[in-house]
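Step one of this worksheet: look at the structure below.
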Amino acid sequence: NYVSELAPGERRGVYMGVYQMTFSLGFILAPLLGTQMLERFGATWLWGGTLLLGILSAGMMWRIGEPTDKA
(Lines give C-alpha, C1' and ligand atoms only; values in the text may rest on other atoms or scores of the structure.)
Protein backbone atom coordinates (compact mmCIF):
# COMPACT_ATOMS: atom_id res chain seq x y z
CA ASN A 1 0.00 0.00 0.00
CA TYR A 2 1.37 3.39 -1.00
CA VAL A 3 0.28 5.09 2.22
CA SER A 4 2.00 2.55 4.47
CA GLU A 5 5.20 2.93 2.44
CA LEU A 6 4.99 6.71 2.64
CA ALA A 7 4.33 6.90 6.40
CA PRO A 8 7.07 6.98 9.01
CA GLY A 9 7.13 3.71 10.95
CA GLU A 10 5.94 5.19 14.26
CA ARG A 11 2.99 6.99 12.57
CA ARG A 12 1.91 4.24 10.18
CA GLY A 13 -1.25 3.48 12.16
CA VAL A 14 -2.35 7.12 12.09
CA TYR A 15 -1.73 7.38 8.34
CA MET A 16 -3.67 4.19 7.66
CA GLY A 17 -6.53 5.35 9.90
CA VAL A 18 -6.88 8.63 8.02
CA TYR A 19 -6.60 6.76 4.72
CA GLN A 20 -9.44 4.43 5.69
CA MET A 21 -11.52 7.33 7.03
CA THR A 22 -11.33 9.14 3.67
CA PHE A 23 -12.60 6.04 1.86
CA SER A 24 -15.44 5.69 4.36
CA LEU A 25 -16.36 9.35 3.93
CA GLY A 26 -16.39 8.83 0.16
CA PHE A 27 -18.72 5.85 0.50
CA ILE A 28 -21.08 8.00 2.59
CA LEU A 29 -21.01 11.19 0.53
CA ALA A 30 -20.82 9.81 -3.03
CA PRO A 31 -24.36 8.39 -3.17
CA LEU A 32 -25.83 11.51 -1.60
CA LEU A 33 -23.98 13.99 -3.79
CA GLY A 34 -24.25 11.80 -6.89
CA THR A 35 -28.03 11.52 -6.70
CA GLN A 36 -28.36 15.26 -6.06
CA MET A 37 -26.23 16.03 -9.10
CA LEU A 38 -28.14 13.49 -11.20
CA GLU A 39 -31.49 15.04 -10.24
CA ARG A 40 -30.39 18.65 -10.79
CA PHE A 41 -28.12 18.43 -13.83
CA GLY A 42 -28.70 15.03 -15.46
CA ALA A 43 -26.59 12.00 -16.24
CA THR A 44 -24.31 13.74 -18.76
CA TRP A 45 -23.05 16.21 -16.17
CA LEU A 46 -22.77 13.54 -13.48
CA TRP A 47 -20.63 11.19 -15.58
CA GLY A 48 -18.73 14.05 -17.21
CA GLY A 49 -17.83 15.37 -13.76
CA THR A 50 -16.84 11.88 -12.67
CA LEU A 51 -14.58 11.58 -15.73
CA LEU A 52 -12.92 14.91 -14.98
CA LEU A 53 -12.34 13.98 -11.33
CA GLY A 54 -10.86 10.65 -12.42
CA ILE A 55 -8.48 12.34 -14.85
CA LEU A 56 -7.50 14.87 -12.19
CA SER A 57 -6.86 12.08 -9.67
CA ALA A 58 -4.80 10.09 -12.16
CA GLY A 59 -2.73 13.17 -12.96
CA MET A 60 -2.10 13.83 -9.30
CA MET A 61 -1.00 10.23 -8.71
CA TRP A 62 1.28 10.37 -11.77
CA ARG A 63 2.84 13.56 -10.47
CA ILE A 64 3.53 12.02 -7.04
CA GLY A 65 5.61 9.24 -8.57
CA GLU A 66 7.20 6.39 -6.69
CA PRO A 67 7.94 6.61 -2.95
CA THR A 68 11.58 7.17 -2.05
CA ASP A 69 13.49 4.79 0.18
CA LYS A 70 13.71 6.35 3.69
CA ALA A 71 16.26 3.90 5.06
Next item on the list: Specify the closest pair of heavy atoms between Pro31 and Gly26, including all atoms of both residues, with the distance to one decimal.
Entry: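 Shortest heavy-atom separation between Pro31 and Gly26 comes out as CD-O, 4.2 Å.
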Indicate if [X] and [Y] have the same hydrophobic cluster label, given that clusters are the connected sets of ILVMFWY residues with side-chain heavy-atom separations under 4.5 angstrom.
X: Met37; Y: Leu32; answer: no
X: Leu29; Y: Leu38; answer: no
X: Phe23; Y: Val3; answer: yes

For residues 41-60, run the donor-acceptor check on the side chains, cut-off 3.5 Å, and write out each pair with its distance to 0.1 Å, sequence neighbours left out.
unit_1, atom_1, unit_2, atom_2, d
Thr50, OG1, Leu46, O, 2.8
Ser57, OG, Leu53, O, 2.9

Item checked: Arg12 side, atom CZ; Tyr19 side, atom OH - distance, nearest 0.5 Å -> 14.0 Å
